[in-house]
Structure formats: structure tokens, C-alpha cells
Amino acid sequence: MLIRDYDPSDEMGWVRCRTLAFLETAYFDNVLNQKEHYENPAIELIAEIDGQVVGLIDIEYERVERSVCSRGKGLGGMIWHIAVHPDFSRQGIGRQLVDSAVDRAKVIGLNRFEAWTRDDLWVKNWYEKQNFTIVDSYYHIYFEGAEMNQRIHSGIPKLHLVNAFAHYVGEDIDQFKTKNKRIHQCVCYEKKL
Ligand SMILES: CC(C)(COP(=O)(O)OP(=O)(O)OC[C@H]1O[C@@H](n2cnc3c(N)ncnc32)[C@H](O)[C@@H]1OP(=O)(O)O)[C@@H](O)C(=O)NCCC(=O)NCCS
């Protein structure tokens with residue numbers, strides 16, 4: 001297994017790897033059909049086996065404090081994507097991608113990584129094994145079909161919302177739990193370097 005910098009020719013392998021990895025998570029429908037690019041510089045690594053992309057990590061990082069991360073002092077990096085192809089899971093690829101990114105981040109002068117993930121217990125366990133700790137959370141709520149009812153309006157005449165995806169940052173999440181089937185806690189992890 002080789003960990004190396006992302007090359008534009010990896011794009012389809014990157015998309016496939018990420019899609020397959022996310023199918024097993026609460027982000028199953030968060031499909032991208034091209035690789036994300038960033039305003040700021042980024043650590044973009046690929047894990048490759050026999051020419052196949054089997055893992056990836058994208059970390060956009062700051063040259064100006066708080067220009068990318070949501071919190072903290074000094075220069076940090078935001079993990080926008082970390083994924084390992086499910087056929088190659090639990091072989092240490094995710095851990096090695098983070099370790100390689102940490103080595104690069106230290107050379108650049110970053111002091112922390114930030115990452116947001118949903119409430120998949122096994123993914124949270126993985127972050128905690130890599131010495132990430134929870135520093136914040138809020139909720140992602142989906143409104144679909146009858147869940148829309150009278151509660152969600154577009155506010156624009158003749159424009160009818162069919163489905164909605166919302167961020168809830170309040171304390172009373174229980175008010176949604178009887179009506180909405182799909183509610184995720186979105187958790188912010190931080191790892192000090
Ligand atoms: C989370 C992820 C990056 C871990 O990569 P990995 O290379 O499989 O993980 P590692 O080999 O470094 O670590 C293995 C540990 O991760 C956890 N883990 C990984 N896959 C797991 C699975 N399918 N079921 C349960 N635990 C799992 C376990 O704690 C495991 O340790 P164990 O095998 O001793 O029980 C990878 O599973 C993945 O791509 N997940 C989907 C995408 C995602 O959720 N990304 C982060 C959110 S943005």
C-alpha cells in the first residue's frame with residue numbers, strides 16, 4: 001500500500017472510493033460526482049494498492065487563523081473527506097492516512113485537525129482511536145413527505161417545498177423525534193498535533 005499525493009488523474013478512483021465508503025454510513029446519500037477543490041491550500045492524499053484508490057484524505061488548511069476551522073487558536077486543518085474503500089477496511093489504511101497527514105501538517109506548522117461526522121458509532125470509535133476528541137455537536141434533520149406538513153414553508157408564493165434538510169442548533173431536539181424519521185447528531189472532533 002502506497003500513500004501519496006493526489007493527482008488529477010485519480011479523480012474517478014477518488015469519487016468511487018468515497019461513494020462506496022460512505023454507502024455504509026449516515027452520509028450514504030451524500031454522493032459527489034467529482035472531487036472537491038478548495039479555496040485554501042490542502043493536504044490531499046491517496047492510498048493506492050495495485051493502481052486502485054483504496055483510501056483518501058482531504059484537509060484544507062489555514063494560512064490565516066480561523067479562515068477554515070470553526071474554532072481554536074493558531075493554524076488548523078479541516079478534514080473535509082476521509083474514506084477507505086470498504087473492501088480494504090480495518091487494515092490500518094485510515095490510520096496511516098491520518099498519520100501521513102499529521103506528518104505533513106507539522107511541517108506546514110498546523111496545530112490541530114478538525115473533522116465533522118454524523119452519529120455512526122463505529123466511525124466515532126475510529127476517530128477516538130486516532131486521538132480525536134468531541135468538542136461540539138448539533139443536529140441534521142430531514143423532512144420528507146408527510147413530515148413537511150404545515151410546518152415548513154418556502155415563504156415564496158406558489159413555491160412548494162417537497163423535502164427539506166435543516167441544521168438544528170437548539171436544545172429541544174425531542175420536539176422532532178416523534179415526527180421525523182431521519183435525525184443525525186453531527187459531531188465536531190478535534191485532534192491536537
Ligand atoms: C472510518 C474509516 C476512514 C476507517 O478506515 P479503516 O482503514 O477501515 O480503519 P483503520 O484500519 O484505520 O481502523 C480500524 C478501526 O476502525 C473501526 N472500524 C473500521 N471499519 C469498521 C467497521 N466496518 N465496523 C466496525 N468498526 C470499524 C474499528 O474501530 C477498527 O478497529 P478494529 O478492527 O480493531 O475493531 C473508514 O471505515 C471509512 O471510510 N468510513 C466511511 C467514511 C466515513 O465515515 N468517513 C468519516 C466521516 S466524514
Look at the side-chain heavy atoms of Ile, Leu, Val, Met, Phe, Trp and Tyr, link any pair under 4.5 Å apart, and say whether [X] and [Y] land in one connected group.
X: Ile57; Y: Val68; answer: no
X: Val31; Y: Ile82; answer: no
X: Phe22; Y: Leu20; answer: no
X: Leu75; Y: Phe113; answer: yes
X: Phe132; Y: Tyr27; answer: no

If every non-hydrogen atom of [X] is compared with every non-hydrogen atom of [Y], which pair is closest and at what distance?
X: Glu190; Y: Arg112; result: OE2-CD, 3.6 Å
X: Cys17; Y: Gly55; result: SG-N, 3.7 Å
X: Ala21; Y: Ala83; result: CB-CB, 3.7 Å
X: Gly145; Y: Asn163; result: N-OD1, 3.6 Å
X: Gly76; Y: Glu62; result: N-OE1, 2.8 Å
X: Asp172; Y: Tyr168; result: N-OH, 3.0 Å

If only atom types and distance count, is the side chain of [X] paired as donor or acceptor with the main-chain N or O of [Y] below 3.5 Å?
X: Glu128; Y: Asn125; value: no
X: Asn111; Y: Lys73; value: yes
X: Glu114; Y: Ser70; value: yes
X: Gln185; Y: Ser137; value: no
X: Glu65; Y: Gly74; value: yes
X: Asp120; Y: Ala26; value: yes
X: Arg118; Y: His184; value: no

[Y] and [X], any side-chain heavy atoms less than 4.5 Å apart:
X: Lys177; Y: Asp174; value: yes
X: Val187; Y: Tyr127; value: no
X: His140; Y: Tyr138; value: yes
X: Ile46; Y: Asp7; value: no
X: Gln91; Y: Val54; value: no
X: Ile3; Y: Met1; value: yes
X: Ile49; Y: His85; value: no
X: Leu56; Y: Asp10; value: no

* To do: Measure up the Phe165 and Tyr142 rings against each other and bin them: parallel (under 30°), tilted (30 to 60°), perpendicular (over 60°).
  =>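 Geometry flag for Tyr142 against Phe165: tilted rings.
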Report, as yes or no, whether the 6.0 Å neighbourhood of atom [atom1] on [X] holds more than 12 heavy atoms from other residues, nucleotides or ligands.
X: Arg16; atom1: CZ; answer: no
X: Gln175; atom1: CD; answer: yes
X: Trp116; atom1: CH2; answer: yes
X: Arg63; atom1: CZ; answer: no
X: Asp50; atom1: CG; answer: no

* To do: Decide yes or no on side-chain contact (heavy atoms from CB on, under 4.5 Å) for Leu32 and Trp14, but give the supporting numbers first.
  => CA-CA 10 Å; Leu32 300 181; Trp14 188 99; 4.2 Å; yes
* To do: Test side-chain contact (heavy atoms from CB on, under 4.5 Å) on Tyr189 and Gln130 and set out the steps.
  => CA-CA 11 Å; Tyr189 276 107; Gln130 316 314 315; over 6 Å; no
* Would you please test Lys191 and Ile79 for side-chain contact (heavy atoms from CB on, under 4.5 Å) and show each step? => CA-CA 11 Å; Lys191 176 183 173 73; Ile79 302 183; over 6 Å; no
* Measure the spacing between OG of Ser89 and CH2 of Trp126 and express it to the nearest 0.5 Å. =>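 Answer rounded to 0.5 Å: 12.5 Å.
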* **Audit row: Lys129, Val98, side-chain contact (heavy atoms from CB on, under 4.5 Å) steps and yes/no** => CA-CA 11 Å; Lys129 281 185 179 175; Val98 170; over 6 Å; no
* Asked: Between Arg182 and Asp29, does at least one N-O distance fall below 4.0 Å, as a salt bridge requires?
  ->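 Salt bridge present between Arg182 and Asp29.
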* To do: Apply the side-chain hydrogen bond (donor to acceptor under 3.5 Å, both in side chains) test between His81 and each candidate in Lys35, Glu44, Glu36; give the one that qualifies.
  =>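 Of Lys35, Glu44, Glu36, side-chain hydrogen bond (donor to acceptor under 3.5 Å, both in side chains) with His81 is met by Glu36 alone.
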